[in-house]
Enquirer: 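Mind having a look at this structure? Questions to follow.
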Amino acid sequence: MKKTIIHYLVTAAMILSLSSCGEKADDSSSEAEKTETKASVTSEAETASEAEPEYKGEFNDKVFEELCQNIVIRGQKVSFPFTLNDLGDEYTFDDDPLVVESKHMAYYDLYKNNERLCSAVTRTEDVDQREYKIISLWVTEPQYDIIFDDISIGDNIEKAFQKYGEKKEAYKDDYYTRYDYKITDDKYIYYLVTDDNLIAEISIWWR
């Protein structure tokens with residue numbers, strides 16, 4: 001009888017010991033899974049963060065480049081530098097450009113189906129004019145539907161302030177105020193704004 005009781009006690013002790021080890025293993029496995037899940041979520045968040053534009057009130061080179069990759073002309077998305085061929089056969093330049101040979105650039109009016117849309121500046125290294133790389137646009141009319149990173153003529157300047165941070169005026173007269181978002185003398189966008197804070201002109205340079 002004593003042997004039986006001792007056997008039961010030893011067996012119970014072994015079962016408890018194994019049960020305890022199993023719980024520890026399960027806890028360890030659970031902790032490992034938690035750590036792995038946390039790392040995965042963190043990695044996904046970092047990837048998402050890298051993919052999203054970093055509009056945090058600071059206008060920097062990365063923000064500007066992202067802006068230049070998000071231009072919409074008459075519903076068609078393009079990015080600097082782009083060409084007439086990228087836009088389509090219905091787009092043309094005027095026949096009387098201002099050419100600056102020393103800088104290999106030309107100033108044109110951009111047309112779609114003979115309707116003037118805006119002014120454009122191109123590089124002129126290519127032989128084919130339709131392959132000239134457009135590096136600048138100057139827009140003054142809202143009906144031409146040209147949008148820069150979701151901002152267009154007629155929008156309130158607050159929309160730009162919210163995206164890129166509020167700017168002090170670079171210029172002001174009796175009719176307009178100008179706000180410059182500038183990386184260098186060759187990389188910038190400015191907004192000319194009316195007294196009621198509506199954007200009346202947008203000019204952008206990328207080169």
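If you're wondering where the values come from, they're calculated on a predicted model, not measured in any experiment.
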Enquirer: Testing the basics here: between K172 and E169, what is the closest heavy-atom pair and its distance to 0.1 Å?
Expert: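 Closest approach of K172 to E169: CD-OE2, 3.6 Å.
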Enquirer: Can you see whether Y190 engages E201 through a side-chain donor-acceptor pair at a distance of less than 3.5 angstrom?
Expert: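 The criterion, which ignores hydrogens and geometry beyond distance, is satisfied for E201 and Y190.
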Enquirer: May I ask you to establish whether R178 and Y171 are in a cation-pi arrangement, using a distance under 6.0 Å from NZ or CZ to the six-membered ring centre and at most 45° from the ring axis?
Expert: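 Not satisfied by the 6.0 Å and 45° rule.
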Enquirer: Please tell me if the side chains of R123 and H104 come closer than 4.5 Å, counting only heavy atoms from C-beta onward.
Expert: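 Counting from C-beta outward, R123 and H104 never come under 4.5 Å.
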Enquirer: Below 4.0 angstrom, N of the basic side chain to O of the carboxylate: do R116 and D94 qualify?
Expert: no
Enquirer: Evaluate the ring planes of Y164 and F59, with Trp represented by its six-membered ring, and classify them as parallel (under 30°), tilted (30 to 60°) or perpendicular (over 60°).
Expert: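 The rings of Y164 and F59 stand perpendicular, inter-plane angle above 60°.
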Enquirer: Locate the shortest heavy-atom distance separating I134 from T122; write the atom from each residue and the value.
Expert: CG1-CG2, 3.9 Å
Enquirer: Is there a path of hydrophobic side-chain contacts, each under 4.5 Å between heavy atoms of I/L/V/M/F/W/Y residues, joining V193 to I147?
Expert: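 Per the 4.5 Å side-chain linkage, I147 and V193 are not co-clustered.
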Enquirer: Are L98 and V121 linked, directly or through intermediate hydrophobic residues, by side-chain heavy-atom contacts shorter than 4.5 Å (ILVMFWY only)?
Expert: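 Linked, V121 and L98 end up in one cluster.
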Enquirer: Show the nearest heavy-atom pair for residues C118 and V139, with the distance to one decimal.
Expert: CB-CG2, 4.0 Å
Enquirer: Hydrophobic clustering (ILVMFWY, side-chain heavy atoms < 4.5 Å, transitive) - are L137 and V72 grouped together?
Expert: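 Result: no, two separate clusters.
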Enquirer: Please tell me whether N197 and N156 have a donor and an acceptor in their side chains that are separated by less than 3.5 angstrom.
Expert: no
Enquirer: Verify side-chain contact (heavy atoms from CB on, under 4.5 Å) between N70 and K77, making sure each step is shown before the conclusion.
Expert: CA-CA 7 Å; N70 193 20; K77 186 174 180 180; 3.4 Å; yes
Enquirer: How far apart are the closest heavy atoms of I153 and I199, and which atoms are they?
Expert: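 For I153 versus I199, the nearest heavy atoms are CG2-O, 3.5 Å.
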Enquirer: Could you give the distance from CG (L84) to OH (Y91), rounded to the nearest 0.5 Å?
Expert: 10.5 Å
Enquirer: Roughly how far, to the nearest 0.5 Å, is OG1 of T177 from CG of D195?
Expert: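 Result: 6.5 Å between the selected atoms.
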Enquirer: In sequence, state the C-alpha distance, the side-chain angles, and the governing distance for T124 and E101, and then conclude on side-chain contact (heavy atoms from CB on, under 4.5 Å).
Expert: CA-CA 8 Å; T124 57; E101 292 183 1; over 6 Å; no
Enquirer: Is any side-chain heavy atom of Y176 closer than 4.5 Å to one of T194?
Expert: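 Touching, per the 4.5 Å side-chain cut-off.
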Enquirer: Taking atom CG as the centre, does D61 end up with more than 12 heavy-atom neighbours from other residues, nucleotides or ligands that are less than 6.0 angstrom away?
Expert: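 Buried by this count: over 12 neighbours within 6.0 Å.
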Enquirer: How long is the span from the CD1 atom in I135 to the CZ atom in F80, to the nearest 0.5 Å?
Expert: 8.5 Å
Enquirer: Under a 4.5 Å side-chain heavy-atom rule over Ile, Leu, Val, Met, Phe, Trp and Tyr, are W206 and F82 clustered together?
Expert: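 Same cluster: W206 reaches F82 through Ile, Leu, Val, Met, Phe, Trp or Tyr contacts under 4.5 Å.
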Enquirer: Counting only heavy atoms not in E125, do more than 12 sit closer than 6.0 Å to its CD atom?
Expert: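 Yes, the 6.0 Å shell around CD holds more than 12 heavy atoms from other groups.
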Enquirer: Are K159 and D150 close enough, and set up right, to give a side-chain contact (heavy atoms from CB on, under 4.5 Å), and what steps lead you there?
Expert: CA-CA 9 Å; K159 196 170 183 180; D150 199 34; 3.7 Å; yes
Enquirer: Given the rule that I, L, V, M, F, W and Y join up when any side-chain heavy atoms are under 4.5 Å apart, are Y111 and Y107 in one cluster?
Expert: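 Y111 does not cluster with Y107.
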Enquirer: Indicate the atoms forming the closest heavy-atom contact of I151 with A160, along with that distance.
Expert: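 The answer is CD1-CA, 3.6 Å.
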Enquirer: Ignoring hydrogens, what is the shortest heavy-atom contact between Q76 and D86? Give both atom names and the distance.
Expert: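 Result for this residue pair: NE2-O, 2.8 Å.
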Enquirer: Give a yes or no on whether a salt bridge exists between D180 and K167, defined as a side-chain N under 4.0 angstrom from a carboxylate O.
Expert: no
Enquirer: Can you say whether the rings of Y191 and Y181 are parallel (under 30°), tilted (30 to 60°) or perpendicular (over 60°)?
Expert: perpendicular
Enquirer: Against Y144, only a single residue in I73, L117, L110 fulfils side-chain contact (heavy atoms from CB on, under 4.5 Å); can you say which?
Expert: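 Filter result, single survivor: L117.
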Enquirer: To the nearest 0.5 Å, what is the distance between CD1 on I189 and OG on S203?
Expert: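 Interatomic distance, I189 CD1 to S203 OG, rounded to 0.5 Å: 8.0 Å.
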Enquirer: Roughly how far, to the nearest 0.5 Å, is the CD atom of E131 from the NZ atom of K133?
Expert: 7.0 Å
Enquirer: Count the heavy atoms belonging to other residues, nucleotides or ligands that lie under 6.0 Å from CG of D89, then report whether that count exceeds 12.
Expert: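 Atom CG in D89 is not packed in, count stays at 12 or less.
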Enquirer: Salt bridge between E115 and R74, side-chain N to carboxylate O under 4.0 Å?
Expert: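 Result for this pair is yes, salt bridge flagged.
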Enquirer: Would you find more than 12 non-hydrogen atoms of other residues, nucleotides or ligands less than 6.0 Å from D196 atom CG?
Expert: yes
Enquirer: Between the side chains of T184 and D186, does any donor sit under 3.5 Å from an acceptor?
Expert: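 No, D186 and T184 have no side-chain donor paired with an acceptor closer than 3.5 Å.
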Enquirer: Apply side-chain contact (heavy atoms from CB on, under 4.5 Å) to the pair W138 and I146, showing each step before the final yes or no.
Expert: CA-CA 10 Å; W138 175 50; I146 300 177; over 6 Å; no
Enquirer: To the nearest 0.5 Å, what is the distance between CD1 on I157 and CD on Q162?
Expert: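 Rounded to the nearest 0.5 Å, the CD1-CD separation comes out at 10.5 Å.
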